[in-house]
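Below is one structure, written out as structure tokens; comments come after it.
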Amino acid sequence: MNMITELSPSKSSMFCFFLLIFSLLTAPSSSSTNSFIYGGCTQLKYAPASPYESNVNSILTSVVNSASSTSFNNFKISLPGSTQNDIVYGLFQCRGDLTNSDCHDCVVHAVSQLGTLCVGTSGGALQLEGCYVKYDNISFLGVADKTVVYKKCEPSIGYDDSDSLTRRDAVLAYLAGGGQYFRVGGSGKVQGIAQCVQDLSMSACQDCLSEATGRLRNECGGSAWADMFLAKCYVRYSERGYHSKSENDDEMEKTLAIIIGLIVGVAVIIVLLSALSKLWEKKGGK
């Protein structure tokens with residue numbers, strides 16, 4: 001026989017409270033995917049209401065529309081009435097572990113920020129945590145480029161034991177191993193992620209990742225986390241996951257501590273109220 005237990009109002013609301021807190025703690029945050037990493041614009045500007053502006057608007061619209069069904073695409077736009085100088089090239093790419101929905105959401109944010117950051121410029125690029133968008137009047141599609149565009153190393157002393165450093169080097173070696181445009185790997189507490197822009201050949205991707213991992217070892221030393229973004233690939237590692245520590249991490253930890261404190265406090269109150277209720281019931285039964 002199935003037993004059905006009816007929750008009292010107080011217990012039922014407590015269950016809902018815990019369910020809500022659990023959902024808040026476990027639900028993935030789109031804000032982290034849309035967090036800004038770096039961006040840049042060309043110095044050259046285009047004339048307002050020109051064919052080039054129409055092509056820029058068209059390529060950014062194509063980028064957003066395409067991101068709803070695929071994680072990578074590239075474009076060459078030349079609308080009727082355009083000359084050779086009005087051609088615009090562009091692409092977008094999402095992190096390899098994102099869903100189509102998260103990819104589209106990230107690209108929408110990136111295009112919106114590009115519109116604010118690079119007003120009237122002939123080219124621009126923006127890297128968020130979850131996606132990358134670029135457009136320019138000079139073709140860069142399929143062109144290898146190992147220029148360092150963004151680097152960040154942990155400023156503190158870093159690893160204090162040889163085992164962690166060995167694990168870090170093992171993760172970097174795996175990420176540079178090639179054969180895939182997107183790789184995630186880990187050893188112990190150290191996790192890493194690597195990705196190439198998919199307009200590269202696999203051999204050019206391998207070459208780019210080897211350059212990025214080599215620079216991480218040489219320029220970031222024993223840092224416990226580090227990011228190395230080249231123009232066509234990136235490699236990142238951390239003991240806290242495959243993203244580096246952001247400025248929001250400390251705030252998140254404080255928020256979690258407050259929430260856990262609230263949960264404990266409410267639980268204590270519920271226990272006390274339950275004990276008092278039973279005590280009153282016993283007195284009333286006498």
Side-chain angles (χ1 to χ4, degrees), residues 28-40 71-72 92-99 102-103 106-107 109-110 125-134 144-159 164-198 200 204-250 252-253:
S29 170
S30 62
S31 62
S32 61
T33 304
N34 300 332
S35 296
F36 178 87
I37 296 180
Y38 71 83
S71 61
F72 167 79
F92 77 91
Q93 176 166 282
C94 290
R95 205 173 65 205
D97 58 349
L98 294 191
T99 63
D102 288 338
C103 174
C106 184
V107 170
H109 278 79
L126 189 79
Q127 177 75 59
L128 302 184
E129 280 285 346
C131 62
Y132 173 70
V133 175
K134 180 177 180 178
D145 188 350
K146 295 183 287 185
T147 305
V148 176
V149 292
Y150 176 83
K151 177 186 76 173
K152 191 173 183 181
C153 311
E154 182 203 28
S156 61
I157 298 174
Y159 291 121
S164 294
L165 195 57
T166 301
R167 290 182 181 276
R168 191 283 307 269
D169 288 342
V171 170
L172 291 181
Y174 171 78
L175 295 177
Q180 295 169 303
Y181 285 106
F182 175 75
R183 302 195 92 183
V184 174
S187 177
K189 296 187 294 182
V190 183
Q191 296 183 41
I193 181 172
Q195 187 169 25
C196 293
V197 180
Q198 293 179 54
L200 291 181
C205 171
Q206 170 71 38
D207 189 40
C208 190
L209 292 178
S210 296
E211 177 75 13
T213 53
R215 283 183 172 275
L216 274 178
R217 289 192 188 93
N218 295 332
E219 298 177 25
C220 293
S223 295
W225 59 260
D227 300 337
M228 183 66 67
F229 284 81
L230 307 187
K232 282 297 181 79
C233 71
Y234 66 81
V235 177
R236 316 173 77 183
Y237 73 86
S238 172
E239 283 195 344
R240 303 182 60 137
Y242 58 72
H243 64 283
S244 65
K245 180 180 173 67
S246 70
E247 294 176 357
N248 295 326
D249 285 347
D250 291 335
M252 184 182 296
E253 289 170 0

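- When atom types are taken as modelled, the side chain of Ser223 and the backbone of Glu154 share a donor-acceptor pair closer than 3.5 angstrom.
- Minimum heavy-atom separation, Asp145 to Cys208: O-SG, 4.5 Å.
- Expressed to the nearest 0.5 Å, how far CZ of Phe72 lies from OH of Tyr181 amounts to 8.0 Å.
- Minimum interatomic distance between Leu98 and Gly130 (heavy atoms only, all atoms of both residues): CD1-O, 3.3 Å.
- The heavy-atom pair separating Val171 from Gln191 by the smallest distance is CG1-C, 4.3 Å.
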**Asked** Do Cys196 and Cys233 pass the disulfide bond (SG atoms under 2.5 Å apart) test, and can you show the C-alpha distance, the side-chain angles, and the key distance before you say yes or no?
**Response** CA-CA 4 Å; Cys196 293; Cys233 71; 5.0 Å; no
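- In this structure, Leu209 and Ala194 approach most closely via the heavy-atom pair CD2-CB, 3.9 Å.
- Judged by distance alone, with hydrogens and angles left aside, the side-chain atoms of Arg183 form a donor-acceptor pair with the main-chain N or O of Tyr174 at under 3.5 Å.
- When side chains are defined from C-beta on, Phe92 does not count as touching Cys131, because their heavy atoms never get closer than 4.5 Å.
- Look at Arg95 and Asp102 and you find no salt bridge, because none of the NZ, NE, NH1 or NH2 atoms lies under 4.0 Å from a carboxylate O.
- Across all non-hydrogen atoms, the minimal contact from Ile193 to Leu175 is N-CD1, 3.6 Å.
- Judged purely by atom type and a 3.5 angstrom limit, Gln93 uses its side chain to pair as donor or acceptor with the backbone of Gln198.
- When all heavy atoms are compared, the tightest approach of Leu128 to Thr33 is CB-O, 3.9 Å.
- In this structure, the separation between CD1 on Ile37 and CZ on Phe229 is 4.0 Å, given to the nearest 0.5 Å.
- The aromatic rings of Tyr38 and Tyr150 sit parallel, their planes meeting at an angle under 30°, below the 60° perpendicular limit.
- Between atom CZ of residue Arg168 and atom CD of residue Glu239 there is a gap of 10.5 Å, rounded to the nearest 0.5 Å.
- Rounding to the nearest 0.5 Å gives a distance of 9.0 Å between CG of Asn218 and CE of Met228.
- Between Arg236 and Glu129 there is a salt bridge, with a side-chain nitrogen of the basic residue lying less than 4.0 Å from a carboxylate oxygen of the acidic one.
- Residue Lys146 holds its NZ atom at 8.5 Å from CG of Leu230, rounded to the nearest 0.5 Å.
- Not less than 2.5 angstrom separates the SG atom of Cys94 from that of Cys106.
- The closest side-chain heavy-atom distance from Arg215 to Lys151 is not below 4.5 Å.
- Looking at Asp97 and Val184, their side chains never come closer than 4.5 Å, going by heavy atoms from C-beta outward.
- Tyr234 is listed as a side-chain neighbour of Gln195, based on a closest heavy-atom distance under 4.5 Å.
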